[in-house]
Number of protein chains: 2
Amino acid sequence: MIVASTSTVHGSAYLEYLLPALENFFRDVKTITFIPYARPGGITHDRYTEIAAKGLASLGKKVVGLHTFDDPVEGLNNAEAVFTGGGNTFLLVHALYKTGVMPVLRERVFDGLPYLGSSAGSNITGLSMQTTNDMPIIYPPSFKTLGALPFNINPHYLDPVKGSTHMGETRETRIKEFHQLNAIPVVGLREGSWLEVKGEVITLGGTLTARVFLQGKEPFEIETGSELHLE
Amino acid sequence: MIVASTSTVHGSAYLEYLLPALENFFRDVKTITFIPYARPGGITHDRYTEIAAKGLASLGKKVVGLHTFDDPVEGLNNAEAVFTGGGNTFLLVHALYKTGVMPVLRERVFDGLPYLGSSAGSNITGLSMQTTNDMPIIYPPSFKTLGALPFNINPHYLDPVKGSTHMGETRETRIKEFHQLNAIPVVGLREGSWLEVKGEVITLGGTLTARVFLQGKEPFEIETGSELHLE
């Protein structure tokens with residue numbers, strides 16, 4: 001898996017910063033199945049799939065939207081590789097359960113299906129979607145997600161803004177509140193960072209450090225290029 | 001009701017900016033029942049009730065935590081006035097359903113019980129909690145809330161930051177995504193603003209304008225001191 005904080009870094013095109021890593025990652029794949037359910041800004045599934053196809057165009061792969069299959073579960077079962085785009089995590093998780101895709105995607109990812117996620121698509125690789133930053137615009141049947149990582153992701157991780165006068169909670173405070181009720185570790189991925197997951201080995205990619213939150217402990221940073229060991 | 005964006009504005013003490021309005025609002029009340037379930041930063045119910053009591057001390061009222069009653073529903077039924085503090089809206093709504101307080105609070109508010117909410121405590125006065133900014137740290141049985149307002153509240157409303165390089169969604173984008181799926185109007189209350197609700201009349205308090213979002217329309221501002229008419 002490649003689990004990216006964001007699809008786009010400021011000042012560059014959609015997926016552009018990830019293309020060198022993706023070229024290698026998708027090298028044995030002809031077709032990438034795109035899951036457009038998170039619908040950022042409410043755009044259509046078709047439009048979102050077009051954007052994904054354009055972003056991946058330089059790789060020379062065919063990109064097919066999962067929504068174009070009469071039976072999305074069958075579409076997924078025949079997929080060579082999957083990319084789940086960002087948007088609203090509640091909407092994404094709701095759709096994955098409603099279509100019956102969630103358990104099948106879990107099975108296929110555990111069987112080694114190449115999986116790329118960005119933002120909401122990365123959120124769902126963790127044990128639950130409970131460290132999303134998104135608004136609960138729809139009520140999903142569960143907050144449980146793929147559990148393909150032994151922790152949760154907080155994408156678009158933001159450090160506290162020094163001198164801010166805003167009284168809303170910082171990201172770190174929100175994750176601390178999560179840890180009052182849940183023991184699941186959380187990895188805060190800053191924009192431009194991603195995790196590369198090969199079997200049990202998880203490596204931090206990109207140029208930045210990532211912030212790790214364990215229940216009842218002080219958060220700490222991990223260096224890019226290093227393997228994650230959370231125990 | 002007084003429905004406040006935040007308990008605290010930058011550079012002033014807890015509830016301080018609201019005290020002039022609260023003095024009048026609670027003038028006929030001896031005891032205020034405090035609902036501490038949202039537990040900001042995971043503090044205890046006792047500690048949170050102490051903070052609320054201190055914030056309200058200058059009003060000369062007794063403040064009692066709803067958690068101190070063996071039967072919170074009975075505690076609520078005997079309440080003269082209620083203040084629900086901020087924190088995590090998912091946790092608050094989960095607790096209100098688990099304790100059976102939600103339907104009783106709805107009934108009592110509709111019967112005219114003086115109700116003060118801040119942040120999460122304001123969120124729940126709307127039709128649903130779906131325009132909260134909080135992290136889904138616990139799975140509530142429903143997103144439906146008191147419905148004591150014919151719209152939803154987005155507390156701590158933040159305008160887009162000009163020149164920001166962060167790629168996460170702005171507040172306005174999130175509310176737009178909400179409106180892709182829901183017709184409920186949303187009032188974005190900036191920190192320092194509150195709504196004063198007397199029967200059918202809803203007036204904006206504080207020094208700032210508030211931003212109103214209607215499905216499929218351009219958002220607009222309403223002036224402080226003016227009545228809300230959303231149709």
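Convention: sequence-line order gives letters A, B, ...; per-chain numbering from 1. Hydrogens, waters and symmetry mates are skipped; everything else that's a heavy atom, side chains included, is used.
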May I have the list of side-chain donor-acceptor pairs in residues 120-128 of chain B shorter than 3.5 Å, sequence neighbours left out?
unit_1, atom_1, unit_2, atom_2, d
S122(B), OG, A4(B), N, 3.0
S122(B), OG, A4(B), O, 2.7
S122(B), OG, G117(B), O, 2.9
T125(B), OG1, S122(B), O, 2.6
S128(B), OG, Q130(B), N, 3.2
S128(B), OG, Q130(B), OE1, 3.2
S128(B), OG, N152(B), ND2, 3.0

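- Contacts between T165(A) and chain B at a heavy-atom distance below 4.5 Å involve backbone atoms as well as side-chain atoms.
- Separation of atoms CZ (R174(B)) and CG (N88(A)) is listed at 8.5 Å; rounding is to 0.5 Å.
- By a heavy-atom distance cut of under 4.5 Å, T132(A), N133(A), D134(A), M135(A), P136(A), I137(A), I138(A), Y139(A), P140(A), P141(A), S142(A), F143(A) are the residues of residues 132-148 of chain A near chain B, going up by number.
- Of residues 177-186 of chain A, those residues lying under 4.5 Å from chain B by any heavy-atom pair are E177(A), F178(A), Q180(A), L181(A), N182(A).
- Ranked by non-hydrogen atom pairs under 4.5 Å with chain A, the options V9(B), L91(B), L158(B), N154(B) are led by L158(B).
- Contacts between T6(B) and chain A at a heavy-atom distance below 4.5 Å involve the side chain alone, from C-beta outward.
- Heavy-atom neighbours of E107(A) CD from other residues, nucleotides or ligands within 6.0 Å: at or below the threshold of 12.
- Residues from residues 205-213 of chain B never place a non-hydrogen atom less than 4.5 Å from a non-hydrogen atom of chain A.
- Counting heavy-atom pairs closer than 4.5 Å to chain B, the top-ranked of the candidates H166(A), H156(A), K176(A) is H166(A).
- In this structure, chain B has no heavy atom under 4.5 Å from any part of S119(A).
- Of the atoms belonging to I175(A), heavy atoms from both backbone and side chain fall under 4.5 Å from chain B.
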